[in-house]
Amino acid sequence: MEAMLDEEHEQLQQKSGDHNSYTFGKIGKHNVVIACLPGGHQGKAAAATLAVHMMYSFPIKLGLMVGIGGGVPSQVPDIRLGDVVLESDGFRRKGHLDKPPKALLGAVTSLRAKHERKDPDFPRYLTAIAGNRRMATKYGFQGAQHDRLFGAEEIHPKDRQTCDHCVSNLRMVQRTDRDDDTPQVFYGTILSGDLVMKNGEERDRRAAADKAMCFEMEAAGLMNDFPCLVVRNISDYSDSHKNDRWQPYAAATAAAYAKELLGALSVQEVEKLGPANKHIVAFSLKGVPAIDHFVQRVNDMQKLEEHFFPQQFHLARRKMFVVHGLGGIGKTQLCVEFVRRHHEKFSAVFWLDGSSEDALQRSFIDVVARLPADEVPLGLVRAAEQASPDQRSIVRGVLDWLSLASNRRWLLVVDNVDRDHTTKEKDPQAYDLKQYLPAVDHGNMLVTSRLSTLTAPRNSLRLTRVDRDQGRAILVATGGENVLAQDDSSVDALLEKLGGLPLALTQAGAYISQTAVSINQYLEYYDSTWKVLMELQDEYPLQEYAQRSVLTTWRISYEQVKSQSEEASNLLQLWSFLYAGDLWYELVACTKELRPETVVPGWRTVLAYDKLRFDRALALLIKYSLVEGRTETASYAMHSVLHSWCRYLGGSEIERSSFRKLAVDTVGQMVPAESMQEYWILQRRLLPHGQEILKGIEQETHTEIDVNELWAYEKLARMFADQDQHAGAEEMYGRALAGYEKAFGLEHTSTLNTVNNLGNLYRRQGRLAEAEAMYVRALAGKEKALGPEHTSTLGTVNNLGNLYADQGRLAEAEAMYKRALAGYEKALGPEHTSTLSTVNNLGNLYRRQGRLAEAEAMYVRALAGKEKALGPEHKYTIETAQDLRALRMLPREPAAIDKVPDYWTVLSERPNSRLAQDATLLSPLPTTPNLISGVEEKEKKHRSRKRDAFFRKLRLR
């Protein structure tokens with residue numbers, strides 16, 4: 001085609017993103033720009049991409065697609081290799097595509113009439129190419145002897161590179177030689193397909209229905225978007241005998257005909273035309289939220305790009321994609337950046353407000369003003385200008401424009417489609433999005449929503465929290481120097497607190513920037529006065545989130561959930577007093593086991609006794625992106641900031657207090673007894689819930705303690721103590737003690753039991769003097785209230801024996817053990833587990849005193865009794881067996897009496913003991929890639945504290 005230029009011009013600048021290579025020049029009176037499909041690329045996708053970029057870069061009015069095709073041989077018309085074929089009535093590919101422009105069809109008609117009267121000019125242009133010594137052999141006529149046509153049924157052998165074998169062994173079709181080598185021009189039907197036609201029988205079958213003359217692969221990608229005429233030259237017969245010999249000559253002949261056609265094209269007709277890229281609407285940010293600082297989300301952006309710009313091009317298939325997720329997670333920001341980055345690849349981009357049906361209809365009115373004036377009815381324009389426009393008729397008019405067959409490259413963005421139309425009777429602003437989308441199989445639609453059910457998962461992206469680096473970038477972008485000036489540990493603490501939620505990070509950064517408070521001060525406010533802080537932050541509105549804030553962004557979703565399910569909305573409020581990251585059915589279903597005095601609301605009972613109702617409630621919360629499922633643990637999680645927000649859904653302090661009490665009872669009921677096998681595993685899972693309850697209790701201004709909660713406080717305290725969370729255990733025991741003292745008095749047995757438990761806690765912490773004071777108080781009270789021989793009194797006596805042993809007061813310890821043993825034997829019998837436990841304690845004491853024979857007698861008695869009462873596999877039986885074995889390993893000579901056995905050897909002999917479990921904390925913290933910043937540091941500190949406690953025990957032993 002370049003060889004056909006009458007003039008060649010300098011290169012012109014093309015738009016960013018256009019990677020085509022162009023040649024500029026003039027043919028006759030027309031300026032032309034030439035582009036070629038990239039090497040190795042063919043088909044409609046490559047052609048469409050090339051043409052779209054060409055139209056964006058230059059004011060193209062008309063186009064010619066010049067190239068080669070596969071012919072359909074027949075007696076009439078007698079098509080030969082090197083002949084030109086033009087479509088006379090529009091190209092076909094499973095139906096008709098747009099016809100070529102009238103100006104080009106007029107030129108074809110004129111040229112066709114001219115050729116009736118005189119010889120065509122294009123063979124002369126072809127001779128000029130062939131006359132070039134460098135080009136003559138390749139681009140010249142290849143000789144009639146090489147124009148071989150075989151029967152449709154004759155198949156070319158796969159193992160043969162040439163057709164020499166075919167000539168001698170297959171039946172060739174005999175045809176009359178032409179008078180000369182001048183290429184002929186034919187007008188008829190061209191079929192545009194997805195693949196190269198290489199089968200003679202299939203060729204004839206497909207061509208027969210449409211009387212087709214030629215097969216090609218690119219026109220289907222152009223005709224509805226690019227106003228052009230396709231000029232094809234026959235380089236093969238669409239059968240298995242394809243070869244490349246005729247391709248250069250065929251391409252040169254097509255180019256020569258294209259030059260003659262341009263000569264017949266009326267300059268006046270071309271000047272009347274506007275640019276070929278019709279339906280173009282200038283890009284505008286009207287209606288698009290102002291996003292000044294976008295933090296790159298590479299993987300999420302890549303998923304959008306892969307959906308809208310796939311490698312496999314689809315001619316007539318609309319693309320719809322939904323970005324969904326929690327409010328404030330950054331859905332709108334991602335889509336705004338996508339539009340800004342790729343708007344040139346669409347003919348028009350319209351941003352619509354989908355927050356309500358009325359808002360969406362008003363967005364369509366704004367669209368009308370942007371449409372090309374010559375492409376919409378005047379009545380539609382005038383309707384949009386009315387003070388009270390008919391919104392539905394305007395919507396129909398815009399949808400009609402989007403539905404035009406030639407208008408296929410637009411992008412419609414519908415933002416904030418957060419209302420479920422299936423609940424329209426409960427939400428008058430809800431609507432069916434499908435009614436506002438064109439019912440055609442073309443165009444592009446991008447939707448943001450909190451609803452996870454708008455489209456199939458393969459056509460959607462669930463947006464999740466940003467990572468640490470992205471979160472830090474958001475804080476810096478909005479907080480500026482006030483964030484940069486603060487230490488990394490404070491920033492990391494804030495990032496962990498806000499859980500990668502862009503809305504919360506943006507709001508925090510803006511508040512810190514405007515008020516100049518430190519991050520540590522902000523964190524203090526966040527923990528102590530959350531709601532007040534959120535209200536203060538609302539004084540600094542966020543343009544990026546359309547004035548929404550943490551306090552307002554989830555209200556619509558919650559109201560819709562509440563209108564559909566009382567169980568789901570109340571569960572959110574209860575959950576706000578539990579741990580955000582792990583809710584499972586059994587935790588809710590434990591209502592069945594709650595004490596009779598516990599007030600259980602009806603909605604909770606429904607969920608506890610009907611797992612299907614529970615699953616349904618959680619499915620609703622997932623639908624609105626308020627909750628996410630955790631398949632690996634069969635549980636559910638809620639974002640930490642939303643979790644804080646849910647705590648304030650209830651209007652009054654009393655209402656929140658009722659949910660907090662229910663949370664206390666729930667976790668208290670779930671705390672397993674030590675007799676439960678591997679009870680510490682469930683304790684470990686419940687521990688975060690206990691910590692959340694403790695935080696809620698500390699923040700509650702309504703401080704009166706309900707006596708019906710005290711049992712739960714005690715169970716939570718025991719769990720904290722078992723998990724070495726001593727501060728939490730002390731807080732819970734302290735609250736239980738205060739409650740018992742106020743409700744029952746200082747000498748009530750419940751009060752005294754709690755005093756005893758506090759003594760146990762202090763002893764475990766090494767606070768031995770405080771522990772002794774608790775035990776002494778408990779013992780005196782129980783002796784008075786229950787008597788010196790009551791089993792509860794004896795339990796405290798035994799505890800005092802343990803304390804005295806820890807203090808090295810061995811004689812006093814022995815006295816306590818013997819008193820407890822005598823009392824247990826009398827009250828419970830010699831084979832009761834409490835009796836046997838005290839026997840075991842005496843054995844430990846005798847071993848420390850070097851009284852090894854007496855120690856062995858105690859161990860043997862305890863072991864025999866536990867094997868009978870508990871079984872040989874019970875952990876208490878095993879511990880006694882290990883004590884006995886360790887004793888028998890000690891040297892018995894007098895010189896060795898005062899020797900302390902190597903403690904690590906003892907631990908190795910007692911791997912299931914509590915102290916042996918603690919010893920595992922001395923191992924390094926495992927490397928876990930999934931641990932996020934902050935959590936790992938917290939775990940290290942936790943292990944450090946537990947190691948300190950372990951060594952205190954070791955020193956005492």
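Residues K875 and L870 are not in side-chain contact: their nearest non-hydrogen atoms beyond the backbone lie 4.5 Å or more apart. Side-chain contact between D665 and E709: present, with at least one pair of heavy atoms (C-beta onward) separated by less than 4.5 Å. Taking the side chain as every heavy atom from C-beta outward, L621 and M638 never approach each other to under 4.5 Å. F744 is listed as a side-chain neighbour of V707, based on a closest heavy-atom distance under 4.5 Å. In this structure the side chain of N708 never reaches within 4.5 angstrom of the side chain of K661, judged on heavy atoms. You'll find the side chain of Q683 stays beyond 4.5 Å of the side chain of F720, heavy atoms only. Side-chain contact between Y775 and N756 is present, with at least one heavy-atom pair separated by less than 4.5 Å. Using a 4.5 Å cut-off on side-chain heavy atoms (C-beta onward), R763 and N799 make no contact.
The structure places CZ of R718 at 11.0 Å from CD of Q723, a figure rounded to the nearest 0.5 Å. The structure places CG of N844 at 7.0 Å from OH of Y817, a figure rounded to the nearest 0.5 Å. For the atom pair OH of Y579 and CG of L686, the computed distance is 12.5 Å after rounding to the nearest 0.5 Å. Rounded to the nearest 0.5 angstrom, R767 CZ and E730 CD are separated by 4.5 Å. Distance CZ/R647 to CD/E692: 5.0 Å, rounded to 0.5 Å. Atom OH of Y713 is separated from atom OG1 of T754 by 13.0 Å, given to the nearest 0.5 angstrom.
Look at D527 and K695 and you find no salt bridge, because none of the NZ, NE, NH1 or NH2 atoms lies under 4.0 Å from a carboxylate O. Taking a cutoff of 4.0 Å between a charged side-chain nitrogen and a carboxylate oxygen, D806 and R764 do not qualify as a salt bridge. Looking at E854 and K818, no side-chain N of the basic residue comes within less than 4.0 Å of a carboxylate O on the acidic one, giving no salt bridge.
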* Go through R735 and E731 one step at a time and tell me if the salt bridge (charged side-chain N to carboxylate O under 4.0 Å, His left out) criterion holds. => CA-CA 6 Å; R735 285 181 173 270; E731 176 69 23; 2.9 Å; yes
* Could you go step by step and tell me if E879 and N840 meet the side-chain contact (heavy atoms from CB on, under 4.5 Å) rule? -> CA-CA 10 Å; E879 284 190 356; N840 200 99; over 6 Å; no
* Please report the C-alpha distance between F659 and L578 in whole Å, then the side-chain angles of each, then the deciding distance to 0.1 Å, and finally whether the side-chain contact (heavy atoms from CB on, under 4.5 Å) criterion is met. => CA-CA 10 Å; F659 281 106; L578 300 170; over 6 Å; no
* Begin from the C-alpha positions of R685 and E586 and carry the test salt bridge (charged side-chain N to carboxylate O under 4.0 Å, His left out) through to its verdict. => CA-CA 12 Å; R685 189 174 187 182; E586 287 74 18; over 6 Å; no
* To do: Begin with the C-alpha distance, continue with both residues' side-chain angles, and end with the deciding distance and a verdict on side-chain contact (heavy atoms from CB on, under 4.5 Å) for V839 and Y824.
  => CA-CA 10 Å; V839 170; Y824 280 139; over 6 Å; no
* **Step-by-step side-chain contact (heavy atoms from CB on, under 4.5 Å) determination, M719 to M670** => CA-CA 10 Å; M719 177 182 72; M670 283 291 288; over 6 Å; no
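Of all heavy-atom pairs between T796 and K782, the closest is OG1-NZ, 3.0 Å. In terms of heavy-atom proximity, E714 sits nearest to Y733 at OE1-CE2, 3.6 Å. Heavy-atom minimum distance, H790 versus S792: ND1-N, 3.0 Å. The nearest pair of heavy atoms linking G787 to T793 is O-OG1, 2.8 Å. Between T880 and A862, the closest heavy-atom pair is CG2-CB, 3.9 Å. Of all heavy-atom pairs spanning V667 and I693, the tightest one is CG2-CD1, 3.4 Å.
H689 and W584 have their aromatic ring centers within a separation under 6.0 angstrom.
One N or O on the side chain of T666 and one on the backbone of L662 form a donor-acceptor pair closer than 3.5 Å. Distance alone, capped at 3.5 Å, is enough to place a donor-acceptor pair between the T751 side chain and the G745 backbone. Remark: side-chain polar atoms of H643 are not paired, donor with acceptor, to backbone N or O of A637 under 3.5 angstrom.
Classified by interplanar angle (parallel below 30°, tilted 30° to 60°, perpendicular above 60°), the ring pair H874/Y876 is tilted.
Of the listed residues (L836, T838, L842), just one forms a side-chain contact (heavy atoms from CB on, under 4.5 Å) with M858, and that residue is L842.
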